> 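Quick one: structure below, then a few questions.
Index from 1, following the sequence. This is a predicted model, so every value here is computed, not measured.
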Amino acid sequence: MKRNAMMVVVIWVGVLLASTVGIVGTPGTVLAQDGGETLVVNGDFAERRARWQVLQSCDSCQMKVQGIGPAGENALTWERTNSGGNGGALSASQVINADVSGYDQLMLTLDVRVDHHSLPNSGWWSDQNNGTGEYPAKISLFFTNATGNAFEWSYGFLINHDGSTTLSNYMLVPALEWTHLQTDVFSPYQWVSATGEPLPEPVMLTSIVIGGSGWDFAGTMTNIQVTGIAAGGGEVEQGDQTGQGAGGADALIGNGDFADMQAQWESANTVENCRVEIVSGDAEHPKMLVWERTNSGGSGGICGMRQVRNVDVSGYDQLMLSLDLRVDYHTLSNSGWWSDQNNGTGEYPAKISLYFTDASGNAFEWSYGFLINHDGSTMLNNYMLVPAGEWTSLQTDVFSPFQWVSAMGDPLPEPVTLASVVIGGSGWDFAGAAANIQVTGISAGGGVDQQGDQTGPDTGSETTGETTGETATGLIVEEHPVVSAAEDTPNHFEFKQRIPAEVFGIRSAWREPSPVDRVADINQVIGAYGYSLVPNSGSDPAYPSYTLMHQGLELVNDITFVHPIAVNSSGTDFLLLADSTAYGVLGISPETTFEWDTSNWIYLAPVFVGDQLVQVQADWDQSKFYVIREDGELLYTVTPTEMFIEPPVHVLAAWQGQWLLEVDGDVIIGGQSLCQQMGYDEIFGWQLIAGQPFYFFVQNGQIGLSYAGQVVQPYTYQDVIHYMCCEPSMYNINGNGTMVWFYALKDGIWNYVEAGVYE
């Protein structure tokens with residue numbers, strides 16, 4: 001797509017930063033590097049109030065930007081005093097007008113602090129007038145649906161609540177302390193009104209409003225991000241086997257897919273006329289737990305199954321719950337009057353409950369229910385509406401501040417032990433089903449990243465033992481058979497769970513160098529000009545962030561990715577590109593830093609050929625890609641012959657005094673086809689290992705390896721995963737200057753293969 005831009009110039013201690021802010025599609029939409037689109041501009045208030053308009057309906061109130069954020073960064077702060085018990089609001093808005101109909105997720109993150117508030121609840125006016133609540137700190141997203149009707153999603157933050165109002169769209173936070181929040185607004189758990197009803201299907205996100213309302217109050221927010229993620233933007237998935245997972249992830253229940261019938265599950269029934277059994281289902285739910293209660297006579301009861309766990313969860317930052325569920329019918333049309341009057345957790349035809357104990361051994365429960373309809377006569381809000389007779393897939397972090405609340409909406413204690421899990425139904429007459437239940441604990445620094453090498457236990461792999469060999473060129477090739485192609489294929493996340501963690505651990509030191517080592521060669525070049533890249537403390541070692549320093553002064557502290565550096569042959573010039581949260585793609589050269597123009601760029605870093613810079617530019621209107629020299633000379637044109645999702649240009653490099661370009665199935669060196677020169681049908685995956693070229697080639701239906709100008713014997717394959725998009729892209733060829741790792745089919749067995757020169 002074409003992009004427009006506006007220019008901003010900022011001077012920093014003798015270093016000129018020319019900033020070009022790229023605008024994609026509608027105003028306020030900036031392309032994010034992870035495939036999502038960031039829909040809010042200046043959410044960290046680095047540019048003070050730029051793009052934010054103050055909305056005020058109160059006296060004795062003030063709003064300003066101060067450097068009081070969690071890390072000393074700018075934050076928008078507001079305060080109202082002397083209200084006399086009269087309502088009022090002070091907020092800031094940003095017009096967005098972005099089409100969100102194509103997004104599967106709308107990720108909201110922010111840091112919030114509440115200093116004080118004199119209104120001890122969400123306000124009687126909102127209860128009586130269908131309002132969204134009066135909170136000392138609140139964020140609202142305004143949408144329109146397909147017919148242009150406007151509606152609002154809002155969430156507020158309180159230090160305390162006296163229980164006299166009924167809205168549920170808030171959470172309690174500690175006074176004067178920063179709270180970091182992240183949630184998918186489009187999640188079924190979040191996509192509800194202030195009273196807990198499902199919201200309409202959104203088409204446009206028209207604006208965002210942050211601030212406070214009520215009587216006297218004070219609050220502040222910063223680091224606000226709203227990011228739309230389209231289909232295929234990534235899912236967190238876990239296995240259902242109990243035991244140690246990778247990256248600090250542990251599956252905490254067993255037999256969640258009911259494949260072993262009733263193993264590890266026991267009856268939790270408290271009533272008669274209750275049927276609970278495990279039956280065969282469909283392709284997505286091979287085995288499922290079903291339950292039904294009949295002839296209840298209007299009396300309550302539980303019909304379901306329990307699994308006793310007694311596992312320590314005190315070390316987890318996240319507790320990921322996922323399951324598929326179905327509600328067939330229910331005669332009780334709400335969450336039950338008994339729960340309202342007796343501090344219960346609700347009577348629902350389908351419900352999952354996790355039972356915990358705290359540090360003192362006191363037991364408590366987290367529960368969530370599912371209804372086809374609700375008559376509004378009961379007050380619990382720990383449920384969502386689902387369509388009758390249809391499967392609904394759900395995933396949430398139970399430990400998220402948005403979820404870690406009781407059925408009444410109050411924060412739960414600090415958990416120590418997960419005692420048991422109960423799944424089933426309760427109430428009068430009802431029927432439901434569940435399948436693929438997973439509860440996974442993720443410790444600090446852990447998690448599952450679809451581009452990382454996270455693993456789990458082997459799940460029935462048909463392996464034949466690893467093969468290792470060193471070639472005459474010094475390249476060591478290590479093959480690790482995984483599974484028969486007749487059983488599974490590396491095109492979905494769970495495939496990595498078949499590979500033992502120790503396999504990934506063999507070469508992890510070379511595959512995942514430390515944050516300092518990753519930029520050591522770059523720092524050697526830019527250090528001559530007073531620059532340095534310093535890893536930020538506390539960032540993920542697997543995906544580190546950096547601060548760019550110049551002459552001992554901090555320039556940019558939010559660099560999330562560093563591209564390969566280009567250095568001219570004379571050693572007198574360089575160009576380094578780095579992704580920055582605040583500045584998009586930052587360019588760094590000996591004399592200046594500037595924001596790189598991404599309007600016709602395809603995220604291939606430029607290279608120096610001799611003393612001339614060469615880069616690839618796109619003509620999005622014509623769907624053509626050009627190799628262009630710094631002086632404007634057109635060197636080569638790539639014209640795709642088929643529709644494409646990702647540009648068919650994959651590598652730009654300098655090699656032996658010439659430019660090199662990998663396109664779909666070929667490598668072009670100085671304008672000449674390497675396929676034609678070598679007599680190959682196809683070439684892909686070109687990179688340098690220890691300064692020598694490595695690539696895959698196809699000849700006579702077999703895929704071979706070439707390194708340092710020699711065919712690597714005896715390694716041949718029938719398939720190597722490459723050029724894939726979306727979820728399968730996690731299995732594409734990957735590498736660095738030391739090694740390459742890939743997934744290859746050999747004699748009907750999928751292998752995980754690493755090849756490198758290790759010193």
> Any Lys/Arg nitrogen of Glu478 or Arg507 sitting under 4.0 Å from an Asp/Glu carboxylate oxygen of the other?
yes

> Side-chain contact test, heavy atoms from C-beta onward, threshold under 4.5 Å: evaluate it for Phe186 versus Asp104 and give yes or no.
no

> Can you tell me if Asp111 and Thr222 form a side-chain donor-acceptor pair at under 3.5 Å?
no

> Please find the pair of heavy atoms, one from Phe608 and one from Ala654, that lie closest to each other, and give the distance.
O-CB, 3.4 Å

> To the nearest 0.5 Å, what is the distance between CD1 on Ile96 and CD1 on Ile208?
5.5 Å

> Going through the checks in order, is the side-chain contact (heavy atoms from CB on, under 4.5 Å) test met by Tyr752 and Phe742?
CA-CA 6 Å; Tyr752 170 67; Phe742 56 94; over 6 Å; no

> Evaluate side-chain contact (heavy atoms from CB on, under 4.5 Å) for Met678 paired with Tyr695, printing each intermediate quantity in order.
CA-CA 12 Å; Met678 301 300 296; Tyr695 60 81; 4.1 Å; yes

> Does one side chain, of Ser545 or Asn536, offer a donor that lies under 3.5 Å from an acceptor on the other?
yes

> Atom OH of Tyr626 and atom CG of Leu634: how far apart are they, to the nearest 0.5 Å?
7.5 Å

> Please test Glu727 against Phe493 for side-chain contact (heavy atoms from CB on, under 4.5 Å), starting from the C-alpha separation and ending with a verdict.
CA-CA 7 Å; Glu727 187 171 355; Phe493 181 85; 3.4 Å; yes

> Rounded at 0.5 Å granularity, tell me how far OG in Ser673 sits from OH in Tyr680.
12.0 Å

> Less than 3.5 Å apart, any donor N or O on the side chain of Thr572 or Asn568 sitting next to an acceptor on the other?
yes

> Could you walk me through whether Leu604 and Val649 satisfy the side-chain contact (heavy atoms from CB on, under 4.5 Å) test, starting with their C-alpha distance in whole Å, then the side-chain angles of each, then the deciding distance to 0.1 Å, before giving a yes or no?
CA-CA 9 Å; Leu604 291 179; Val649 184; 3.7 Å; yes

> If you take the centroid of each ring, where Trp contributes its six-membered ring, are Tyr636 and Trp659 closer together than 6.0 Å?
yes

> Less than 6.0 Å separating the ring centroids of Trp686 and His722?
no

> Can you give me the closest heavy-atom contact between Ala755 and Leu475, atom names plus distance?
C-CD1, 4.0 Å

> Please check if any side-chain donor atom of Asp664 sits under 3.5 Å from a side-chain acceptor atom of His650, or the reverse.
yes

> Looking at Gln672, I'd like to know if its CD atom is crowded, meaning that more than 12 non-hydrogen atoms belonging to other residues, nucleotides or ligands lie closer than 6.0 Å.
no

> Counting distance only, does the side-chain N/O of Gln551 pair as donor-acceptor with the main-chain N or O of Tyr531 below 3.5 Å?
no

> Return yes when atom CD of Gln524 has more than 12 non-hydrogen atoms of other residues, nucleotides or ligands closer than 6.0 Å, and no otherwise.
no

> Where does the angle between the aromatic ring planes of Phe561 and His563 fall among parallel (under 30°), tilted (30 to 60°) and perpendicular (over 60°)?
perpendicular

> Using 0.5 Å steps for rounding, measure from the CD1 atom of Ile588 to the CG atom of Leu577.
8.0 Å

> Locate the shortest heavy-atom distance separating Phe594 from Ser589; write the atom from each residue and the value.
CE2-OG, 4.3 Å

> If you take all heavy atoms of Gly228 and Leu106, which pair is closest and at what distance?
CA-CD1, 4.0 Å

> Do you know the tightest heavy-atom contact between Ala92 and Leu76?
CB-CD2, 3.7 Å

> State, to 0.1 Å, how close Gly691 and Trp655 come at their nearest heavy-atom pair, and which atoms those are.
O-CZ3, 3.7 Å

> For Glu73 and Asn223, which I'm curious about, is there any donor-acceptor pair between the side chains at under 3.5 Å?
yes

> Does a side-chain heavy-atom distance below 4.5 Å link Phe45 with Ile224?
yes

> When you look at Phe574 and Tyr529, which way does the ring pair (Phe, Tyr, Trp, His ring centres under 6.0 Å) test go after all the steps?
CA-CA 10 Å; Phe574 73 85; Tyr529 300 90; 5.3 Å; yes

> Run the salt-bridge test on Arg113 and Glu177 with the 4.0 Å N-O cut-off and return the result as yes or no.
no

> Quick one: side chain to side chain donor-acceptor pair (under 3.5 Å) partners of Glu79, sequence neighbours excluded?
His116

> Quickly, which of Val627, Val667, Ile669, Asp666 forms a side chain to side chain contact (heavy atoms under 4.5 Å, CB included) with Leu661? Name it, please.
Val627

> Measuring from atom CE of Met739 to atom CH2 of Trp510, what distance do you get when rounded to the nearest 0.5 angstrom?
9.0 Å

> Rounded to the nearest 0.5 Å, what separates atom CG in Leu635 from atom CD1 in Ile668?
13.0 Å

